[in-house]
Structures are given as C-alpha cells and as structure tokens.
Student: 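Handing you a structure now.
Any value given below was found using the heavy atoms of this structure, including those in side chains, with hydrogens, waters and symmetry copies removed.
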2 protein chains.
Amino acid sequence: MRGKPTLRDVAERAGCSITTASNILQGRSHLYREDMAQRVLNAAHELGYRANSVARSLARRRTATIAVVLDPQHARLTHNVYAHDVLDGVLAYLEPRDYDIRLITPRTNDPAAVWRRIDNGSIDGAILIAPVMGSSLLEWRHYSTLPVVAVGSTLPDEYLLSQVDIDNDAAMASMVEWVIQQGHRAIGFVKGHPLHWSAHQRERAFRRVMAQHGIPIREEWMLQGDYGSETGASAAAQLLRQDELPSVVLCANDEMAIGFIQKCRDLEIPVPDAISVAGFDDSYWARRMGIALTTVQHDRYQVGYLAAQILLHQLETGDARPQRMLIPGALVVRRSVALANVLAAVPDPHATILTEGGSRL
Amino acid sequence: MRGKPTLRDVAERAGCSITTASNILQGRSHLYREDMAQRVLNAAHELGYRANSVARSLARRRTATIAVVLDPQHARLTHNVYAHDVLDGVLAYLEPRDYDIRLITPRTNDPAAVWRRIDNGSIDGAILIAPVMGSSLLEWRHYSTLPVVAVGSTLPDEYLLSQVDIDNDAAMASMVEWVIQQGHRAIGFVKGHPLHWSAHQRERAFRRVMAQHGIPIREEWMLQGDYGSETGASAAAQLLRQDELPSVVLCANDEMAIGFIQKCRDLEIPVPDAISVAGFDDSYWARRMGIALTTVQHDRYQVGYLAAQILLHQLETGDARPQRMLIPGALVVRRSVALANVLAAVPDPHATILTEGGSRL
DNA sequence: GCCTGCTGTAGAAACGCTTCTAAAAACATC
DNA sequence: GATGTTTTTAGAAGCGTTTCTACAGCAGGC
C-alpha cells in the first residue's frame, strides 16, 4: 500500500471483499454480521482511510457539488455585496448536508465557453446569482440539462427556470403607499441598473401605485441610475438643478440613496428637511455609515438558503419543474423620510440625518 | 448513445480507437495524420462532446481544483471583507488557468472533521484564509499531504507552511515613524484580535519603534480590541475617560478606527483637533463613509493572486518547500492625523473630519 | 432428499477517461 | 526481398468507487 489507503487496502486488512468493505463503510452494516462490520470499521480507522470522492462521484454518477455562478457582469466578489449574503445562505444549507460548493466566476460572455466551464460533469446543479438581461447564464437550456436555480432576478416565465427572489413588486408598492400616506405627492424616483429585472420591477411597482392614487408621474423626476452610489449622486445633482423639486425621492436601492444623500450634503441641502430620500435593500453599510435610511429590508441570506433547498429537492426527487419563490420584504422606517406637511410647517435647521442611536452625522 | 456523449461515442463516430480520440482531443494531434485529427475534432464538435472532468480527474490523479478555506472562526463571508478581496485575486489567477475553486467554510473546529472535508481527493491544494491561532486548519500536517498556502496570517516558522501576507511589521513601523515625525509623543494604541498573528505583529512593531525613539509606552493607553468596530468604540470610551490623553491613537485596523472616531463624534470630541486617529488596511468602507482616515494601504487582491500563483507552482514543480512572501504596504496620509504641535497652536473648533473631496461629514 | 427462501459474502462490470505498451503499417536500407 | 527503423494506431490496464448479480450455506416444509 503506497500512497493513500484505498478501499482495497481496508478490505485486505479486514479480510473481506471490497464490496463488503464498501457497504459497511457506507453505513449498510446491517447486511453483515456484527463482527464483520467491526473488523471493517476498525481496519478503516487504523489505516486512516477516507473515501476518494472523485472515484465515488464517477461511480455514483453524482458529485454532491453545487456550482454557485456569478454573472460575468459582476464577477468581482468584492463589488458584489448581494452575492456575499446569498453565498452565506447557500453554504449554511449545503455544508451540513455534505454538499460542496464550486465557485464560478466566468470571465467571458460566450455562452458556450461559460457552460463548458460550468457543466463539465463536476456538479449536480447550479445556482445562478442575479443573472442580468441577456446574460449568457440564461442560455443554459442550450448547453446543459442540469437543475438550475436563479436568485436575485425574477425572470419572465419563458426562461423556465426555478427562481428565488425577494418580492420587489410588493415591497416597492408598500414603500410607495407609505410615502404617499406620509403626505407626499411630489415623488421622484431613481431607477436601478437597466439590465436588472429587479430595477424594472421596482420602477413598475412605483408607477402602478402612483397611478392607483391618481398621482401624475413627472418624467423629469424619473432619473436613470445603475445601482451604484455614483449614479445616485449624479441623479441628485441632476434633480437639484431643477426649478421645482419633489418632496421625496425613492431610490431603487440603498447604494444610490447613499450617493444621493451624500451629494445633498455636499450641496448643503438638508435631508430630510429639504428633501426626503428612501432606499431599498436595507444594506448593512447604510446603517454602518450612520445614515438613518428609510428602506425595505429583506433577507438575502434566506434567499440563498431557500435556493439551495429547492435545488437539492430537485436533485433528490428529480422533479425539475421550475419553481418560483418570492420572499416578502419589510418596510423599515427610519429618519430619511419626513412627513410632507409637518415639515413644511416646522422646519428645523439643525436636524440633519440621524443615526439610529440618535447621534448627529 | 444515451445521455451525454462520451469519448467512446466520439471514437466510434470518427472511426478510430478511444486512445486516438483522447490524444487528439487533448491537443496531441501531431501524433496523428492530419485527416485523422480532423475527423476526431469534427466528430467531437458534432456530438457536442465535453470531457467528463470527474473521470479525467480520476484517471489523471489530479483534479485541477483548489480549495479556498475560511477559518471556522470567520466562516461567514458577509462578515469577512478580507476574504472577498483575496478570493477575487485567487479567482483571477486560477480561472484563466482552468482551475476550479471549491469554497469551504467549516462549521466545526474538530480538525479531523475539517480535514476530512477538505482533503477527500477532490482537490489538488488549498489556500487557507487567515487562520487564527489554534485553528484546526493549522493542524493540516497531521491529516493531509496536500500543498497548502496560508494567507493573511504570518505564522511562526514551525508551521512549515507557505505563506503570503502583507508586511505588517514594516507597515506599522512606518506608520509609527511617520506619526512621531508629525510631532506626536503621546501615542495610544488599540490592539487587534488576540488570536490573530497580525494583531501581535502590529503591536510588536509599534512597541519596537517607540522604544527605538526612546518614547515610553503608557500601558493605560494600550487598549485591547478585536478588529471589530465596536471594540474601537469602547476603546475610545475607555481612553477618553482618562485624565491625560494621547495626542494620537493608532488603531490596528480601520474598522476599529472607524468605531473609535464615531465614538469621538458621539462625545463631541473633534478628530483630529482634540485627538488624532490612524487606522490600518485602507478599507473601502472607511473611504465610503467619508472618513478621511490616515492608514496603511495594502493590496489584498494581490495577496490572493500571489497565493494562487505559489500554490500552482508547487503543484507543477512538486517543490513543496514552504515559501514566504511579504507584500509591502503604503502609508496613506489623509486628515485624521494632525501635526501635533501646529494643532496645539492653532485650534480650529469648526474643522471636523473631512472627506478626501473636502466636504464636511 | 428435493425445492424454496433466507442470509452473508464475493465477483465482476461499470463509471469515462488517461496512458503504458505493443502491434501493425509504412518506409528506408543494403 | 529480408531487415531494421520509424510512424501511426489500437489494446488493455489502470484510477477507486458503487452496485448488480450470483453463489454458497443453511434452515424449514413437503
């Protein structure tokens, strides 16, 4: 026996066949007499035997490995905060179930190359993180028969893909409802990345609720962003140049809200006194930065966790019918949105944005 | 041919042996006549053949997969900003070289279980991310013969482990030198996590340079932290309670510096007017938060990139001698540290901390 | 004593590929 | 035309598992 001990070594030492050793080590001891089982277990332990997972995968025709695939557009983990939370959720579900994770960050957008990389026999299924419109990831059907779950993008039905996402539509709707309830009628909006479905959903929900309340939408207050804080800042610059201003601006995510607010600061425009700002996502970093942002909180960790759960369910049952799961968000009211009328009556030049603890920025 | 096409299918279609097909598809066309090679290549293309990587791994006895292992103490990716940058660097190096990444986040500290998980034949080598003192990861020699590189922890030599890390010692030394040069003599220090080697190195460098300059260290100004911003804040609280204060406090990382500064704000103690604060790491988030923190910048991405490079080199050459690589950091002077004497002369009650762009916090 | 039905065990094929070894074919040499 | 040399191709033995199938041995029922 040179190198690592194999099943044959264990069998030899226990004085039995490879079959017997294999069965017992897989927990099928009840097939054998007590002493046989013990002999094998002891032999394995004495040799420090560990089953070779590659050989096992080949024989079993399954690898107990799941790929987590980032969109080529967002292949840098550093800049993809969303992916961290989702990954943690995925890991939390898979690790105890002895599944492994293969992290794939394609550097190209050629679908054939991307899928050759993903589906090369080494994984049982894949979780696609926030595929954008036109992403090569979405062409999987042409290249793969693997079970796949997409997260972070609520795709049109024709993609025939299992999905887990937050309920962008409902969450944004409740945000708009709430803002209106606070007395706001002049409402601006900063849109998200045009290639993200979530951006369109959030905008659509905004427009719908506005229409339901008979509030006209001023297109000059609808600003294009891309989910990055810089575009939030430039949206602020662009908006604040106008003669007439909205009383509140809803940003399609927190990043842009942060950018927006920081630009307001630079221009010495107090938030929420002069203008209210709301975000979406309840990012850890907005809180960390001491910005008491009114926003929508949702559980990205949970998204990852559920995606992993669905994927494993599909693997185990073979039921590959696309499933869709929407997780509700929750409105988090902090201080970046003020009552529309009250503020007009009682302006307070000293109040700026407050942290949750109440300290001044 | 049912299911995916195999090498046998390709060979059959091309009318040659499996050997021939295998060789040609691996790029050894020169062994064969031109037309044979073409036939095989065409057959493979027509069938949409993709080599099964599990079978290949078994036959080749190498998997072209590297494990990236987080310390069980820091298994949540969300809370491990360091890991993101390193991972990006690792991915950037490995992806073009057709290596895959297995992400492992052990949930237990039992070394046998951890290593059974890591070294089960499915990887060729491992990169350990910032193993802490006493980590089960460091006991690898008892459980594995895999090539391993540790990053983010400059370990004592006896671990016999290849390492890539930033040069904590030199970087902290230059920070201390600079601060002294700015006229400071009353210098406090907030220590990092007691289980991290980096924390000890940074502290040791601090003490050494202080001694070199003949400046006595006041132990009541040496505060224990754990690299988290909360401990930075409590260090501030603890320090500011004292009668005599240092003119500058060096924090062992940016997180703690941020916490420290935020506590100062809460207590309405102007930084750097009343007290200067420096950090270490040049975290993206300090910049984002508009804190113009004087700190040490270093390239975590590069750390990951080099670690991957070293690991692959070891795999390819078989040269497993532990290598050590230190990456220098660079002092980044911003505004959170003021000249010690100038400030005493010209106090400016209105100046608080400034962002790089010059805007007020 | 023959058949049936257990139980405990082993043999052997399969998974899909790589690669060592050797045979067949082609060519050159004298 | 026999011999040696080189090129081209194929056979077959792995890699370390799993698992299907079969085969002893033995009890009980007729």
Student: Which of residues 32-45 of chain B sit near DNA chain C, with a heavy atom under 4.0 Å from it?
Tutor: none
Student: Is a donor from one side chain sitting under 3.5 angstrom from an acceptor on the other, for Ser22(B) and Thr19(B)?
Tutor: no
Student: To the nearest Å, how far apart are Leu58(A) CG and dA13(C) P?
Tutor: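 So the CG-P distance, Leu58(A) to dA13(C), works out to 17 Å.
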Student: May I ask you to list the residues of residues 19-28 of chain B, by number, that have any heavy atom positioned under 4.0 Å from an atom of DNA chain D?
Tutor: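 Result for residues 19-28 of chain B: Thr19(B), Thr20(B), sorted by number.
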Student: Roughly how bent is the helix from dG1(C)-dC30(D) to dC30(C)-dG1(D) end to end, in steps of 10 degrees, with each end axis from five pairs?
Tutor: 70°
Student: Between Thr65(A) and Asp100(A), is there a side-chain donor-acceptor contact under 3.5 Å, judged purely by atom types and distance?
Tutor: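 There is no such pair (donor and acceptor under 3.5 Å, judged by atom type) between the side chains of Asp100(A) and Thr65(A).
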Student: Calculate the interatomic distance between Asp9(A) atom CG and dT17(D) atom C1'; express it in whole Å.
Tutor: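 Going from Asp9(A) (CG) to dT17(D) (C1'), I get 13 Å.
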Student: Using distance alone, with no hydrogens and no angle criterion, decide if Thr108(B) and Asp110(B) have a side-chain donor and acceptor under 3.5 Å apart.
Tutor: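 Checked: Thr108(B)/Asp110(B) side chains show no N/O donor-acceptor pair below 3.5 Å.
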Student: Would you please name every residue forming a side-chain contact (heavy atoms from CB on, under 4.5 Å) with Ala37(A), sequence neighbours left out?
Tutor: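 Partners of Ala37(A) under the side-chain contact (heavy atoms from CB on, under 4.5 Å) test: Ile24(A), Ser29(A).
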Student: Using the ring pair (Phe, Tyr, Trp, His ring centres under 6.0 Å) criterion, which residues pair with His84(B)? Sequence neighbours excluded.
Tutor: His84(A)
Student: In chain order, what residues pass the salt bridge (Lys or Arg N to Asp or Glu O under 4.0 Å) check against Arg56(A), with sequence neighbours excluded?
Tutor: none
Student: Hey, can you pull the donor-acceptor pairs under 3.5 Å for the side chains in residues 310-317 of chain B, sequence neighbours left out?
Tutor:
{"unit_1": "Gln314(B)", "atom_1": "NE2", "unit_2": "Ser162(B)", "atom_2": "OG", "d": "2.6"}
{"unit_1": "Thr317(B)", "atom_1": "OG1", "unit_2": "His313(B)", "atom_2": "O", "d": "2.8"}
{"unit_1": "Thr317(B)", "atom_1": "OG1", "unit_2": "Asp319(B)", "atom_2": "N", "d": "3.1"}

Student: Specify the separation, in whole Å, of atom CG of Leu31(B) and atom C1' of dC20(C).
Tutor: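 In whole Å, dC20(C) C1' and Leu31(B) CG are 14 Å from each other.
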Student: For Tyr305(A), what residues pass the ring pair (Phe, Tyr, Trp, His ring centres under 6.0 Å) criterion, not counting sequence neighbours?
Tutor: Tyr93(A)
Student: Cut-off 3.5 Å, no hydrogens considered: what does the side-chain donor-acceptor table look like for residues 131-140 of chain A, sequence neighbours left out?
Tutor:
{"unit_1": "Ser135(A)", "atom_1": "OG", "unit_2": "Asp71(A)", "atom_2": "OD2", "d": "2.8"}
{"unit_1": "Ser135(A)", "atom_1": "OG", "unit_2": "Leu137(A)", "atom_2": "N", "d": "3.0"}
{"unit_1": "Ser136(A)", "atom_1": "OG", "unit_2": "Asn109(A)", "atom_2": "OD1", "d": "2.9"}

Student: Go through the structure and list residues passing side-chain contact (heavy atoms from CB on, under 4.5 Å) with Pro156(A), not counting sequence neighbours.
Tutor: Glu158(A), Tyr159(A), Trp197(A)
Student: Side chains of His74(A) and His196(A): do they bring a donor and an acceptor to under 3.5 Å?
Tutor: yes
Student: As a test of reading the structure: which of dT17(D), dC15(D), dA10(D) is closest to the side chain of Arg61(B), going by heavy atoms?
Tutor: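 Of dT17(D), dC15(D), dA10(D), dC15(D) is nearest to the side chain of Arg61(B).
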Student: Dump every N/O contact between nucleotides 22-25 of chain D and the protein below 3.5 Å, one line per pair.
Tutor:
none

Student: Can you name the residues that form a side-chain contact (heavy atoms from CB on, under 4.5 Å) with Leu70(A), not counting sequence neighbours?
Tutor: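 Expected list: Leu77(A), Asn80(A), Ala83(A), Thr105(A), Ile129(A).
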Student: Please confirm whether the shortest side-chain N or O distance from Ser17(B) to OP1 or OP2 of dA10(D) is below 4.0 Å.
Tutor: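 Yes.
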